[in-house]
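Heads up: the structure comes next, in structure tokens.
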Amino acid sequence: MKNLLFLLILVLSINCKPKMTNDDNLEVNQATIGKHLKSLASDEFMGRMPFTEGEVKTVNYLKDEFSKLGLEPGNGESFYQDVPMIEITGLVSDKMIISGPKGDFNLSYFDDFVASTTKAEEEVSLENSELVFAGYGIVAPEYGWNDYEGIDWKGKTAVVLVNDPGFNSGDSTLFKGDEMTYYGRWTYKYEEAGRQGAAGIIIIHETIPAAYGWNVIQSSNTGPQLNLSSNAPVTDIQGWITHESANKLFEASTAEINDYQKLASNKDFKPIPLGLKTSVKIKNTIKNDISKNVIAIMPGTDLKDEYIIYSAHWDHLGIGKPIDNDSIYNGANDNASGVACLLAIAEAFKNNKQPKRSVVFLAVTAEEQGLLGSAYYSEHPIFAAQKTVANINMDGLLTPGKMKDLTITGFGHSEMDEYAKTEAEKLGRYIIPDPEAEKGYFFRSDHFNFAKIGIPALYASGSYESIEKGIDYAQQMSDEYREKRYHQPSDEYNAEKTDLSGAQFDAQLLFNVGYKLANEDYFPKWHDTSEFKSARENK
Ligand SMILES: [Zn+2]
């Protein structure tokens, strides 16, 4: 009898436990993704270009949808974060004058050098600014590396190499070998020169380590440039010179420099004054405008001041050059799909038990203009960076059906890989690193701006192996996309043709990762080899 009673109590107590059937309401809804994708990628939204009516429609739509879900405004009383931008069109002097004891010579604009500025001033110039060779222009404490050491940079111009010392060194322990680190990107080099207080920076172009030719430098450094109005220190002038011009420079130098590449790859490298001065001038036309990030929050229950941030860029290219009689760049995949998944993931969170930590949904502007919306957020974070547990970014999730892989761009940086791996395996998937890491894609999407301020970021989606049709099919489809639809008016939604199952499958996985993190009290860590680790620790 006693035993029976015990058994009865046991059975009752088991039944009284809260039901652990989370799985049945954790679903990210495919129809929700489809609904938002269809709207955002429709012609009515005019390609979602910042500063156009397309922007007004898009940000209103997102605000309405966030409100309908019962989410709270993410920026105090507002669902918007203003992103002030400056458009600078620079008129650069025809010549860059180089003077030294062996005589003067000129470099010609466009053919030999390009120059620009992010200073919103009518005129900026370098006047007899001393040129100093600063190797790769890198300050990397984790590698014990400092190319700027021992010089007061005020008024001087740094001459630096593209990429980082690891590239083509045959040494995988020197930086990350062939895989590009952030130190290899030109954006980093500009920023570091600004932090050092230099007046100017000149990057020596070389096609292979840069991964693009001089023509790309020419086209992307001319015409109007959109920038953030930022308080970050910047040089007066930033520019590039060709490899041939660099050789002229080193020949004219009073310093004996034979193999500058080899010199710069030495860990003990110290900056070398070239004994030369340079002068160049830019006259600017300046326009100001304000775009918007859209932001909503679902507050946590007990760890309210710790945040998981989901992000996706809402902008695309707007109305442009017609291709096949179509001038609207709808950007269905890029990135109406990411924003649709952002809304579907928000809905899934709303359908569930409120997590311990707060979850933020951030749709950023002007990704296509250079990650500007996310850069602005990272310079003006609404939620403390140190309290932000992780960023999960989505960009281009329309895969041709469900994929078996989850390809992680920026694999190896942080423990976010492990979170992704655990959740991927639960869905019968596997993770792989981005197969083209040497091209630096990690630095070309919004998650990067979170990494930069020390927030571990996950940027991942299926792309390599279709569950139903295998690897070759997946490759063929992704090549076809790059060739026929990427950044073209044909990146469109089609009710019959657009397959949403892959986007749902990825969004589900990304929801699961965030849901897990939102119910833990652990902060995923950066790995020791990551250049972003110090940003987390130094604050
Ligand atoms: Zn995109």
Side-chain angles (χ1 to χ4, degrees), residues 33 36-37 39-42 45-52 54-55 58-59 61-62 83 85 185 187 220 226 291-294 309-320 328-345 361-378 391-400 407-410 434 436 439-452 457-463 477-493 498 500 502-503 506-507 510:
I33 298 172
H36 296 306
L37 178 64
S39 302
L40 292 162
S42 68
F45 284 74
M46 296 177 289
R48 305 183 306 282
M49 179 73 174
F51 311 131
T52 66
E55 156 154 12
T58 306
V59 301
Y61 181 90
L62 292 174
V83 181
M85 285 191 241
R185 288 281 289 166
T187 48
S220 51
L226 265 185
S291 183
K292 284 178 166 60
N293 289 333
V294 190
I309 301 183
Y310 281 92
S311 60
H313 74 87
W314 62 252
D315 67 298
H316 194 55
L317 305 170
I319 296 172
I328 301 178
Y329 289 65
N330 305 79
N333 182 47
D334 187 8
N335 184 27
S337 70
V339 178
C341 288
L342 183 77
L343 289 167
I345 287 172
F361 303 94
L362 173 62
V364 294
T365 181
E367 188 270 354
E368 306 285 8
Q369 321 276 345
L371 318 181
L372 297 181
S374 57
Y376 186 83
Y377 181 88
S378 73
N391 165 246
I392 299 172
N393 184 57
M394 294 168 286
D395 193 351
L397 292 183
L398 281 187
T399 52
T407 297
I408 300 181
T409 301
D434 170 20
E436 296 182 305
K439 292 194 176 147
Y441 285 117
F442 183 76
F443 315 113
R444 304 194 198 174
S445 193
D446 291 310
H447 66 288
F448 163 62
N449 279 317
F450 293 92
K452 231 172 141 182
L458 178 64
Y459 176 42
S461 63
S463 66
M477 295 301 278
S478 98
D479 291 348
E480 194 185 297
Y481 166 73
R482 261 169 216 252
E483 209 177 292
K484 295 189 179 154
R485 293 192 299 283
Y486 174 71
H487 283 198
Q488 294 182 36
S490 50
D491 179 7
E492 286 179 313
Y493 170 79
T498 306
L500 297 170
D506 282 350
L510 298 175

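Whatever order the structure lists them in is the order used to number ligands and atoms, beginning at 1.
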Exercise. Looking at D334, which of its N, O or S atoms is the nearest one to the Zn ion (ligand 1)?
Worked result: OD1
For this session: Measure from the Zn ion (ligand 1) to each N, O or S atom of E367 and report whether any distance is below 2.8 Å.
Result: no
Exercise. Taking D315 for the side chain and P50 for the main chain, is one N or O donor matched with an acceptor at less than 3.5 Å?
Worked result: no
Problem set entry | Nearest heavy-atom neighbours spanning R444 and R185 | NE-NH1, 3.7 Å
Exercise. About how large, to 10 degrees, is the angle NE2 of H313, then the Zn ion (ligand 1), then OD2 of D395?
Worked result: 90°
Exercise. Would one find an N, O or S atom of H316, in either backbone or side chain, under 2.8 Å from the Zn ion (ligand 1)?
Worked result: no
Exercise. Is there a donor-acceptor pair closer than 3.5 Å between any side-chain N or O of Q488 and the backbone N or O of E483?
Worked result: yes
Exercise. Quick check: does any side chain N or O of H316 sit under 3.5 Å from a backbone N or O of D334, one acting as donor and the other as acceptor?
Worked result: yes
